[in-house]
Amino acid sequence: WFESGSMPFAAEHYPFENEKRMHERLPADFVAEYIAQTRTWFYYMHVISTILFDQIPFKNVVTTGTVLAEDGQKMSKSKGNFPDPWLVFDQYGVDALRLYLLSSPIMKSEDLNFSEKGVGETYRKNISRLWNVYSFYEMYADKKNVKVLPSQKSSSNILDQWINSRLNQVIVEVTAAMDRYELDQALRPIDQFIEDFSVWYLRRSRERFKSEDVVDRQAAMDTTRHVLLTLAKVSAPFTPFIAEDIYRRLGGEKESVHLCEGPVSSQIDNDALASMSLIRSWASMALMKRAENNIKVRQPLRSFSIKHASGVPKPKYWNEVEGILKDEINVKEIIFKEGKEDDPPIELDIALTPELEEEGEVRDLIREIQDWRKKQNLKPGEKVSVPIPQAKKSLAEKFAAQIKVATAASGFEFVS
């Protein structure tokens with residue numbers, strides 16, 4: 001342990017040479033090892049550094065607990081009570097394993113009962129989701145311009161403004177946690193952001209990628225690419241492989257993401273964050289009401305009412321987010337009602353008219369056509385004549401224009 005404790009100084013062949021360089025490197029920014037080393041290697045470094053130089057050898061400590069088998073026993077070759085690491089690498093990738101360990105209690109010096117299922121969940125929730133966002137972008141990207149960095153012109157679309165503010169928020173939070181050497185805390189903002197990016201931003205922007213509005217379509221493309229490139233830089237220390245892969249595929253400006261400076265946060269629009277958070281909360285309540293009444297989301301409804309005790313609780317960006325909320329919960333109108341404090345905060349009009357039921361049938365038909373296109377391995381936007389059951393002929397003819405735009409159908413072929 002005396003020899004190990006001498007490492008920072010002996011590695012420079014001090015005191016026989018490199019005295020200046022050794023003093024420049026002392027104290028180290030941090031030392032990292034598992035918990036048992038706090039009373040051995042860490043301790044001896046302190047003793048020797050104090051004796052020789054009267055100063056500390058390192059400023060911060062990153063120490064981990066012990067990895068145990070899933071049942072809490074010590075891992076043992078004779079018991080074989082652990083999964084083959086190479087099989088875990090092959091099935092989920094090294095990044096998923098790194099994320100699982102770095103976000104676990106082991107980073108707080110506590111023991112961890114290793115679970116392969118936990119690695120799988122981390123893979124599905126983070127790595128797979130992030131890759132799906134990239135794959136969606138790639139499907140619509142202009143390959144000729146992939147090496148050109150996206151324009152950083154401000155977008156007028158609230159979804160772009162919101163995701164950029166969320167990205168800057170993540171940069172601030174991750175940087176602060178890393179500066180404190182709290183690696184598990186640094187991962188939480190990334191974990192939540194990937195969910196927001198995939199489950200909300202991309203899902204709500206899907207139609208924009210196919211839109212006839214060239215300006216808005218380009219804004220969605222540029223924003224998605226900018227977020228992917230920046231997120232690659234933020235997450236590179238934690239998930240080095242997928243970060244590198246996405247960065248290179250997007251034509252990042254340097255040879256490797258690991259040669260980039262860490263990104264610096266720019267302006268955060270707190271009003272955009274608050275507005276989007278509020279409508280997502282209302283959307284969750286409305287969708288819960290639909291589920292309670294067994295009404296699928298594809299069925300349009302007349303109205304969704306938001307009640308308030310006093311004042312008007314509309315968020316600042318209401319004109320921009322109202323359409324997103326309507327589309328998410330599939331209603332024709334959002335109504336603000338004055339009510340008492342003990343009234344339910346929301347109300348969903350579930351009464352169906354023949355017109356609303358017909359619209360629901362059209363949406364079901366569009367969904368069936370989209371499923372059929374997937375089975376035929378058709379590319380987005382690829383025009384093709386679509387087979388329609390004779391029983392739905394009148395519906396298809398009445399709403400032909402809407403169906404053709406939504407499904408890239410060139411025409412219909414009515415079949416038995």
Side-chain angles (χ1 to χ4, degrees), residues 154-169 192-193 195-208 211 213 215-216 219-220 223 267-364 366 402 406:
S154 58
S155 168
S156 61
N157 192 295
I158 187 62
L159 283 162
D160 297 337
Q161 295 169 19
W162 169 75
I163 198 65
N164 274 314
S165 285
R166 278 288 291 117
L167 180 63
N168 286 316
Q169 192 179 40
Q192 184 58 53
F193 181 80
E195 182 174 339
D196 286 349
F197 190 27
S198 169
V199 175
W200 188 256
Y201 175 79
L202 189 68
R203 191 166 57 79
R204 297 301 339 148
S205 295
R206 274 181 184 275
E207 296 307 313
R208 299 173 62 205
S211 173
D213 183 339
V215 174
D216 190 49
T223 299
Q267 188 174 359
I268 297 173
D269 187 337
N270 289 310
D271 288 326
L273 295 176
S275 298
M276 200 65 76
S277 177
L278 194 54
I279 70 155
R280 291 180 74 181
S281 174
W282 285 334
S284 294
M285 288 189 278
L287 294 174
M288 197 178 295
K289 282 287 182 186
R290 277 183 171 273
E292 287 171 5
N293 291 279
N294 201 26
I295 302 172
K296 56 192 173 187
V297 181
R298 288 195 297 277
Q299 173 59 60
L301 296 174
R302 190 158 30 201
S303 66
F304 175 65
S305 300
I306 300 163
K307 297 184 181 178
H308 58 94
S310 61
V312 181
K314 291 181 181 178
K316 182 174 179 181
Y317 286 97
W318 177 246
N319 291 339
E320 291 84 354
V321 298
E322 182 185 14
I324 297 172
L325 180 57
K326 280 183 181 178
D327 194 50
E328 176 70 8
I329 64 179
N330 197 7
V331 298
K332 301 292 183 184
E333 185 181 12
I334 307 288
I335 302 169
F336 284 88
K337 285 184 178 179
E338 192 161 343
K340 297 176 183 176
E341 286 191 16
D342 55 351
D343 285 347
I346 59 107
E347 187 178 276
L348 192 64
D349 185 349
I350 60 173
L352 294 178
T353 63
E355 293 77 17
L356 289 171
E357 288 182 333
E358 192 173 49
E359 277 192 61
E361 290 172 11
V362 173
R363 289 199 176 216
D364 281 339
I366 289 172
Q402 179 185 341

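Keep in mind it's a predicted model, so treat the numbers as computed, not measured. All values below were derived from every heavy atom in this structure, side-chain atoms included, with hydrogens, water molecules and symmetry-related copies excluded. In what follows, residues are counted from 1 in the order of the sequence shown.
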Between [X] (side chain only) and [Y] (backbone N and O only), is there a donor and an acceptor less than 3.5 Å apart?
| X | Y | answer |
| --- | --- | --- |
| Glu320 | Asn157 | no |
| Gln299 | Leu356 | yes |
| Ser211 | Glu207 | no |
| Ser281 | Ser277 | no |
| Arg166 | Trp162 | no |
| Arg298 | Gly360 | no |

Distance, nearest 0.5 Å, that separates [atom1] of [X] from [atom2] of [Y]:
| X | Y | atom1 | atom2 | value |
| --- | --- | --- | --- | --- |
| Ile334 | Ser305 | CD1 | OG | 8.5 Å |
| Glu322 | Ser275 | CD | OG | 12.5 Å |
| Leu348 | Met288 | CG | CE | 12.5 Å |
| Gln192 | Glu195 | CD | CD | 5.0 Å |
| Trp200 | Ile279 | CH2 | CD1 | 5.0 Å |
| Asn330 | Leu287 | CG | CG | 10.0 Å |

TODO: With sequence neighbours excluded, tell me which residues meet side-chain hydrogen bond (donor to acceptor under 3.5 Å, both in side chains) with Arg302.
DONE: Asp349
- [ ] Only counting residues at least two apart or in another chain, list the ones meeting salt bridge (charged side-chain N to carboxylate O under 4.0 Å, His left out) with Arg208.
- [x] Asp160, Asp216
Task: Electrostatic pair Lys332-Glu359, nearest N-O below 4.0 angstrom - done: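 Looking at Lys332 and Glu359, the cut-off is met.
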TODO: Answer yes or no: is there an ion pair linking Asp269 with Lys316, defined by an N-O contact shorter than 4.0 Å?
DONE: no
Task: Residues in ring-ring contact (aromatic ring centres under 6.0 Å, His included) contact with Phe193, at least two apart in sequence or another chain - done: Phe197
Minimum heavy-atom distance [X]-[Y], with the two atoms named:
| X | Y | value |
| --- | --- | --- |
| Ile329 | Ala283 | CG2-CA, 3.7 Å |
| Arg363 | Pro300 | NE-CG, 4.3 Å |
| Tyr317 | Ala272 | CE1-N, 3.5 Å |
| Ser303 | Ile335 | CB-CD1, 3.8 Å |
| Pro315 | Val321 | CG-CG2, 4.3 Å |
| Leu273 | Ser165 | CD2-CB, 3.9 Å |

- [ ] Report yes if some heavy atom in the side chain of Leu167 is under 4.5 Å from a heavy atom in the side chain of Tyr201; otherwise report no.
- [x]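 They are not in side-chain contact.
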Task: Within-4.5 Å side-chain heavy-atom neighbours: Leu301 and Leu352 - done: yes
Does a sphere of radius 6.0 Å around [atom1] in [X] hold more than 12 heavy atoms from other residues, nucleotides or ligands, not counting ones at 6.0 Å or beyond?
| X | atom1 | answer |
| --- | --- | --- |
| Gln267 | CD | no |
| Lys289 | NZ | no |
| Asn293 | CG | yes |

Task: Sole residue of Arg204, Arg280, Arg290 in salt bridge (Lys or Arg N to Asp or Glu O under 4.0 Å) with Glu328 - done: Arg204
